[in-house]
Amino acid sequence: SRVRHRFGSHASTPRAAGTARAASAPPSRPAQFDNMSILIPIKNSDEAIELTASELPDDAEELLGILSNETPPLDTWLRIAVEYYKLGNADNFKAVLEPLLAMYNEPSAVADNKLFETFGAKSMAEVKEVKEQFIAIINALAAYHAGLASREREKTKKKDAIAAAQKYYAMAEKIDMLSGNTLVGQALLTLAKGDDFKRAEKQLESAAQLKTSVPALLGKACVKYHAG
């Protein structure tokens with residue numbers, strides 16, 4: 001059977017009212033995106049809630065309740081947050097991701113933290129996958145604040161945005177010091193600050209050595225250009 005969910009608030013774009021449709025999906029199925037659709041697997045069933053970016057509600061509270069109840073893979077949370085950001089709704093972008101930070105900082109009796117316990121990080125392979133997905137979330141938050149810093153002209157607000165970005169990049173680095181995306185992000189933040197080109201170049205060199213990294217190579221070229 002197909003189940004429809006209608007959100008209490010209207011969608012983030014005027015073209016459609018917020019609805020979500022059930023789609024066939026195994027309960028253990030990872031996050032899957034069919035064209036522009038987002039699937040949220042429903043626990044203990046062969047169905048999944050399906051919605052598109054245009055169906056995201058302006059008020060994310062109900063959607064957050066669904067995410068908390070069904071606990072889909074972390075990349076689903078990130079996809080929803082990014083779609084909110086693309087719609088110009090930075091508040092919901094942060095609202096979707098910040099509960100995951102709280103879970104990461106909450107202790108657990110059966111895992112390293114509540115995040116790992118909730119998202120089933122039991123085997124080494126699962127722990128690695130959850131860590132990679134969570135680092136992507138932290139880096140997304142860091143990049144958001146780095147973007148604010150690069151656009152901000154008021155000194156105090158710019159300083160605060162840079163501090164927030166640095167905090168998130170440090171958090172990601174603490175989880176995995178060898179994350180190429182974190183190193184690239186830190187280097188780009190250094191460039192946004194407009195100083196210490198040698199440090200930025202070193203960070204990009206480290207990222208480029210991990211694996212072939214187009215962003216790192218482009219960043220290195222940018223550093224050399226600005227450094228003369």
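Computed from a predicted structure; not experimentally measured. In this chain, numbering begins with 1 at the start of the sequence shown.
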* Can you measure from NE2 (His145) to CG (Asp160) and round to the nearest 0.5 angstrom? => 10.5 Å
* To do: Sequence neighbours left out, what passes salt bridge (Lys or Arg N to Asp or Glu O under 4.0 Å) with Glu152? Give chain and number order.
  => none
* Taking salt bridge (Lys or Arg N to Asp or Glu O under 4.0 Å) as the test, write out the residues that go with Lys167, two or more places apart. => none
* Contacts of Tyr85 that satisfy side chain to side chain contact (heavy atoms under 4.5 Å, CB included) - sequence neighbours left out -> Phe93, Tyr144, Arg151
* Quick one: pull up CD1 in Ile138 and CD in Glu173 and give me the separation to the nearest 0.5 Å. => 11.5 Å
* Would you call Leu87 and Asn92 a side-chain contact if the rule is heavy atoms closer than 4.5 Å? -> no
* Asked: OG1/Thr71 to CG/Leu115 distance, rounded to the nearest 0.5 angstrom?
  -> 10.5 Å
* In chain order, what residues pass the salt bridge (Lys or Arg N to Asp or Glu O under 4.0 Å) check against Glu70, with sequence neighbours excluded? -> none
* **Exercise: identify the closest heavy-atom pair between Ala146 and Ala165** => N-CB, 3.8 Å
* What distance separates Lys131 NZ from Phe116 CZ, expressed to the nearest 0.5 Å? -> 5.5 Å
Name the atoms and distances for all side-chain donor-acceptor pairs under 3.5 Å in residues 97-108, with sequence neighbours left out.
unit_1	atom_1	unit_2	atom_2	d
Asn105	ND2	Leu101	O	3.1
Ser108	OG	Val110	N	3.2
Ser108	OG	Ala111	N	3.2
Ser108	OG	Glu117	OE1	2.5

* Are the side chains of Ile40 and Leu51 in touch, meaning some heavy atoms are under 4.5 Å apart? -> yes
* Taking every non-hydrogen atom, the tightest pair across Pro57 and Tyr84 -> O-OH, 2.6 Å
* Structure fact -> The reported gap from OG1 in Thr52 to CD in Glu83 (rounded to nearest 0.5 angstrom) is 9.0 Å
* Distance (rounded to the nearest 0.5 Å) between Glu55 CD and Ser37 OG -> 7.5 Å
* Structure fact -> Given the options Leu67, Leu39, Ile42, Ile38, Ile49 meets side-chain contact (heavy atoms from CB on, under 4.5 Å) only with Ile42
* Heavy atoms, side chains only, cut-off 4.5 Å: are Trp77 and Pro72 in contact? -> yes
* Got a sec, which residues hit ring-ring contact (aromatic ring centres under 6.0 Å, His included) with Tyr169, two or more places apart in sequence or on another chain? -> none
